[in-house]
Q: 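Here's a structure for you.
Residue numbering restarts at 1 for every chain, and letters A, B, ... go by the order of the sequence lines.
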Amino acid sequence: MKLRDIAYAREGDKTDLANICLFPHDEADWPLLQEKITAEVVAAKFAPVIKGTVTRYELPNLQGLNFVLTAALAGGNSRSLRVDGTGKSYASLMLDIEI
Amino acid sequence: MIRIGCGSAFERDRIDWPVRLADSGAVDHMAFDCLAERSMALNQLRKLEDPNAGYMQRLEKPAAGFDVRLPKIVEGFAPFVASGGTMVGNFGAANPEGAGAAVVDGLRAAGVSGVKVGVITGDDVMEQVVKQDLYLPEYDRRISEMTEKIVSANAYIGAEPVVEALRQGATFVLGGRLADPSPYVGPICFRNGWELDDWEKVGLATLAGHLLECGTHVTGGNFTDPPFNPVPDMMELGFPYAEVDDGRIVVSKTPGTGGLVSTKTVRLQIGYEIGDPAAYLTPDVTADFSQVAVRQVGEDRVEVTGASGRERPETLKVLVGLDLGWKVTVEMSYGGPGCVERAQFSAELLRARVEKALGDEILEWHTDLVGMSSLFGTAISRGYPAEVRMRVAARTASKAAAQTIFDEGDYLPISGPAAGGGRGAMTLARAIGVTPALLDRSNVPLHVEVLES
């Protein structure tokens with residue numbers, strides 16, 4: 001199944017950094033997210049659109065993961081020539097991951 | 001306890017919904033974030049722009065360098081201010097003094113007299129940045145290596161001058177590049193009697209600001225993904241407010257409006273635009289959101305606890321604005337059999353034609369096939385599309401070069417491949433770069449002046 005079936009996400013940007021936070025719809029799926037959605041898995045999914053690295057952080061009481069992607073926005077919103085300069089749509093690419 | 005609401009989440013945000021919050025009686029303070037990362041540079045350029053320089057997208061005439069909505073904001077919120085409400089925001093952008101005068105004029109015009117207006121200056125650090133020849137890590141260069149490109153340098157400033165203005169009796173406080181949560185942190189700490197070096201409390205106030213500063217982001221906006229995360233009555237999402245007390249934030253929204261405040265909407269906003277949740281850096285504090293917990297305590301009421309903080313950073317983040325030339329986009333749709341090939345051919349033809357005319361005046365070139373690969377490149381692929389939109393975006397050194405590309409786009413329907421339609425609105429605008437640097441806070445003296453309406 002797709003990650004979208006069990007989780008929801010939001011992307012934010014700071015200059016050329018993107019972050020994507022990810023939470024399970026059902027708290028019972030939290031251990032599964034912790035185990036399966038590693039920084040490596042996210043880096044592989046985003047390889048075609050980012051040039052930098054992926055770091056993962058945890059928000060244990062919220063059952064959430066936060067991923068920070070560097071060199072992720074083609075130079076950042078104001079100068080980027082991309083359609084989606086801030087990368088808001090990245091949340092949907094995250095949810096396309098197979099789990 | 002303080003009740004503080006969100007009045008604006010960005011520079012072109014709507015005014016009607018937050019006015020409804022201010023007039024609802026649910027809040028006695030409103031805070032406004034009116035700036036995106038590029039806003040300072042754009043406003044600086046607006047100040048400098050030649051009024052006869054021709055057309056710049058969405059800019060019919062040069063603005064004064066502060067929030068263009070300000071007269072309407074003052075008019076809309078005048079009843080709230082007249083009834084004793086407090087407003088704090090970074091309306092000033094590149095011209096806080098001009099914004100202060102506009103607020104005084106606007107309040108007088110609305111018949112609201114005797115209101116003290118606090119004006120914060122000092123965030124413009126262009127001189128300091130040049131003098132110290134700061135290092136720009138994203139570009140791996142020093143300021144002196146890029147002098148001709150630099151149009152602005154503003155330090156993110158914190159709640160200290162806001163509190164100073166409130167202490168002097170101001171109930172309308174504005175500045176330039178106040179950090180996003182700081183218009184909240186100032187009144188929350190001042191009204192609750194919290195010192196600005198009580199890091200745990202400033203951390204809590206910062207989380208409250210972080211939760212509210214994006215407006216409808218916490219009340220059901222950027223949330224529903226049908227059939228997941230349904231949101232009731234999206235016709236009018238309520239603007240958010242919070243009740244902030246010792247150790248506890250309760251987030252809610254304008255009574256009687258649509259949208260929702262749930263543990264899910266609050267979770268997403270806690271995670272928005274953060275890095276390490278244990279070290280969210282602002283001018284006010286090193287906030288720690290890593291142990292935060294949420295609990296639904298009523299309809300559209302979510303309690304947030306567990307925020308903390310440590311000593312604030314000694315350096316301030318500076319955003320340096322760079323003039324990177326001009327940006328132009330050209331779009332055209334192709335459908336049916338062969339549409340992808342025609343769209344690609346169209347983009348290549350356009351490039352060949354303008355390259356012949358412009359050569360190295362084209363600094364950057366980017367081609368998209370919207371409907372196939374414009375958002376995620378090759379990361380998702382779903383077979384041959386029914387239609388595709390060719391989009392070319394280029395950055396050029398001069399406006400004339402951008403205009404040449406713009407014009408070639410105009411010629412494309414009758415001189416390109418078959419059946420290209422829907423040319424749509426092409427864009428031509430300045431390309432602004434923003435990049436961070438760090439400056440010791442001792443180099444950023446701030447000043448508060450209090451005017452009266």
Q: Is it the backbone or the side chain of B/L322 that comes under 4.5 Å from a heavy atom of chain A, or both, or neither?
A: neither
Q: Taking A/D16 first and then A/R79, would you say they form a salt bridge - that is, a charged N and a carboxylate O separated by under 4.0 Å?
A: no
Q: Checking side chain to side chain contact (heavy atoms under 4.5 Å, CB included) for the pair A/E98/A/M1: CA distance, chi angles, key distance, verdict?
A: CA-CA 6 Å; A/E98 288 287 341; A/M1 64 182 169; 5.5 Å; no
Q: Under 3.5 Å, is there a donor-acceptor pair linking the side chains of B/S39 and B/E11?
A: yes
Q: At a heavy-atom separation under 4.5 Å, does A/V83 approach chain B through its side chain, its backbone, both, or neither?
A: both
Q: Is chain A contacted by the side chain of B/V266, its backbone, both, or neither, given a heavy-atom distance below 4.5 Å?
A: neither
Q: Measuring heavy-atom distances to chain B, does A/Y90 have an atom under 4.5 Å in its side chain, in its backbone, in both, or in neither?
A: both
Q: Counting only heavy atoms closer than 4.5 Å, note whether A/I20 contacts chain B via side chain, backbone, both or neither.
A: neither
Q: Do you see a donor-acceptor pair shorter than 3.5 Å between the side chains of B/T224 and B/N229?
A: no
Q: Checking heavy atoms, do the side chain of A/S80, its backbone, both or neither come under 4.5 Å from chain B?
A: backbone
Q: Whether B/K264 engages the ring of A/F23 as a cation-pi pair (distance to the six-membered ring centre under 6.0 angstrom, angle to the ring normal within 45°) should be assessed.
A: no
Q: Within the 3.5 Å criterion, strictly below it, is a donor on B/Q291 or B/S308 matched to an acceptor on the partner's side chain?
A: no
Q: Under 4.5 Å from any heavy atom of chain A, what part of B/L375 do you find: side chain, backbone, both or neither?
A: both
Q: What part of A/D13 gets closer than 4.5 Å to chain B, counting heavy atoms only: side chain, backbone, both or neither?
A: both
Q: Going by atom types alone, do B/R248 and B/T305 pair a side-chain donor with an acceptor below 3.5 Å?
A: no
Q: Hey, is A/R4 close enough to A/D96 for a salt bridge, meaning N to O under 4.0 Å?
A: no
Q: Among A/V68, A/V49, A/T15, which residue has the highest count of heavy-atom pairs closer than 4.5 Å to chain B?
A: A/T15
Q: Which answer fits B/D368, side chain, backbone, both or neither, if we ask what part of it has an atom under 4.5 Å from a heavy atom of chain A?
A: side chain
Q: Does any heavy atom of chain B fall under 4.5 Å from the side chain of A/A9, the backbone, both, or neither of them?
A: backbone
